[in-house]
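What follows is a short report on a single structure.
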Amino acid sequence: MVKVLALNGSPRKGGNSEILLEEALRGAKEQGAQATIYNLNTMNLKPCQHCGKCDATGLCVIKDDMQAIHQDIRTADRIVLVSPIFFFTVTAQAKIMIDRCQAFWAQKYVHKKPIPPGPFGRKGLLILVGGMKKEPKNKGFECAEAVSRAFFRTVNVQEHATLEYDLIEEKGAIRAHPSALKEAYEAGIALAINTPGR
Ligand SMILES: Cc1cc2nc3c(=O)[nH]c(=O)nc-3n(C[C@H](O)[C@H](O)[C@H](O)COP(=O)(O)O)c2cc1C
């Protein structure tokens, strides 16, 4: 069974990110996938202290909720990262989680031991939502995509699909979008199917 790990960076309960995530997971579950969701905002996550210990061992020494996330990142077949744009990038909640993946960076690039792909390979889905209009001066989605790409590659997810929705400000406004929920649902299906060895 394909294991999907969903990481939600929005602090808003019932917000646009959560709505889109639910649709994506509905699609994935219909394909037989099993999903675990972490709402990062409610978790005890300390920011990376750059102590350097993970360079030596590949392991993070901070004992908080990140230990469970690390375990699930390691064993997931699919990772979904969803975040609103806050000040032109992912939320602090998402960024703290991402920075704590420095331990995986050390495993991959220092110890040359990237997370091994399981029987289904490893794939990702990035969902971003922002209130501002996407235009040449608004680099929010671009910056969030760059940060998220670094995260995915570090945890050895070599390919990911991206859904981006601009001009979505109010809580729940995504429900009025003409295609977003359907696209998220279909992205969830695509995430779970076409898997090698299935
Ligand atoms: C602190 C803060 C910073 C924000 N910065 C941006 C931004 O830089 N660009 C943008 O498009 N929207 C920005 N927004 C708007 C949110 O991205 C938008 O309301 C989004 O729909 C929230 O998603 P959620 O309901 O999943 O939390 C910001 C909102 C807050 C609270």
Side-chain angles (χ1 to χ4, degrees), residues 4-30 33 35-48 64-66 68-69 72-73 76 78-101 123-152 154-155 157 160-192:
V4 180
L5 171 63
L7 301 159
N8 179 11
S10 170
R12 235 174 4 182
K13 192 86 199 99
N16 300 309
S17 304
E18 195 173 271
I19 292 166
L20 289 165
L21 178 59
E22 278 170 6
E23 283 304 298
L25 294 183
R26 190 166 68 83
K29 283 183 196 164
E30 277 180 17
T36 302
I37 305 172
Y38 285 121
N39 290 307
L40 301 172
N41 187 55
T42 60
M43 299 181 76
N44 175 29
L45 297 173
K46 190 176 166 86
C48 173
D64 61 9
D65 290 345
M66 195 65 204
I69 299 178
D72 281 330
I73 285 177
R78 304 286 180 263
I79 298 179
V80 182
L81 176 63
V82 56
S83 179
I85 308 293
F86 275 15
F87 279 86
F88 280 36
T89 190
V90 297
T91 59
Q93 290 87 338
K95 188 61 164 57
I96 286 175
M97 181 282 296
I98 289 171
D99 288 356
R100 291 286 299 282
C101 288
K123 280 195 214 169
L125 172 63
L126 173 64
I127 305 176
L128 301 170
V129 59
M132 287 169 64
K133 185 172 165 47
K134 232 195 268 183
E135 54 183 33
K137 277 189 182 170
N138 175 7
K139 302 278 183 202
F141 289 94
E142 230 174 285
C143 294
E145 168 74 36
V147 168
S148 305
R149 175 175 291 265
F151 161 68
F152 279 130
T154 296
V155 299
V157 169
H160 70 273
T162 303
L163 296 176
E164 296 177 352
Y165 299 101
D166 67 347
L167 292 170
I168 305 294
E169 181 69 46
E170 299 308 319
K171 186 170 165 177
I174 198 69
R175 289 198 192 280
H177 190 282
S179 58
L181 269 59
K182 187 167 177 283
E183 285 161 5
Y185 169 70
E186 288 172 355
I189 292 175
L191 195 68

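Numbering of ligands and ligand atoms starts at 1, following listing order. Side chains are part of it too, since the values below use all heavy atoms of this structure and drop only hydrogens, waters and symmetry mates.
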Taking distance alone, with N or O pairs closer than 3.5 Å, would you say [X] contacts ligand 1?
X      : result
Arg12  : yes
Gly15  : no
Asn138 : no
Glu170 : no
Pro84  : no
Phe87  : yes

Quick one: do the Asp65 and Tyr38 side chains pair a donor with an acceptor below 3.5 Å? no

Side chains of Asn8 and Asn39: is there a donor and an acceptor less than 3.5 Å apart? yes

What residue among Ile19, Ile168, Val82 forms side chain to side chain contact (heavy atoms under 4.5 Å, CB included) with Val129? Ile168

Checking side chain to side chain contact (heavy atoms under 4.5 Å, CB included) against Ile79, which of Val4, Ile73, Asp72, Leu191 comes through? Ile73

Asn16 and Glu170 have their tightest heavy-atom pair at ND2-O, 3.0 Å

Heavy-atom nearest option to [atom], drawn from [options]:
atom                    : options                        : value
atom 12 (N) of ligand 1 : Gly131, Ser17, Ser83           : Gly131
atom 11 (O) of ligand 1 : Lys171, Lys134, Met132, Lys133 : Met132
atom 15 (C) of ligand 1 : Lys13, Lys139, Glu169          : Glu169

Distance filter under 4.0 Å to Ser10 heavy atoms, resulting ligand 1 atoms: 24 (P), 26 (O), 27 (O)

Provide the number and element of each atom of ligand 1 under 4.0 Å from a heavy atom of Ile168. 18 (C), 19 (O), 20 (C), 21 (O)

Pair Arg12 + Glu18, salt bridge at N-O below 4.0 Å: no

Answer yes or no: is there an ion pair linking Arg149 with Glu145, defined by an N-O contact shorter than 4.0 Å? yes

Is it the case that the side chain of Arg26 and the backbone of Tyr185 share a donor-acceptor pair, with hydrogens and angles ignored and the cut-off at 3.5 Å? no

Donor-acceptor check, side chain of Ser83 to backbone of Thr91, threshold 3.5 angstrom: yes or no? yes

Protein heavy atom at shortest distance from atom 16 (C) of ligand 1: Ile85 O, 3.6 Å

Among protein heavy atoms, which sits nearest to atom 8 (O) of ligand 1, and what does the distance come to when rounded to 0.1 Å? Phe88 N, 2.9 Å

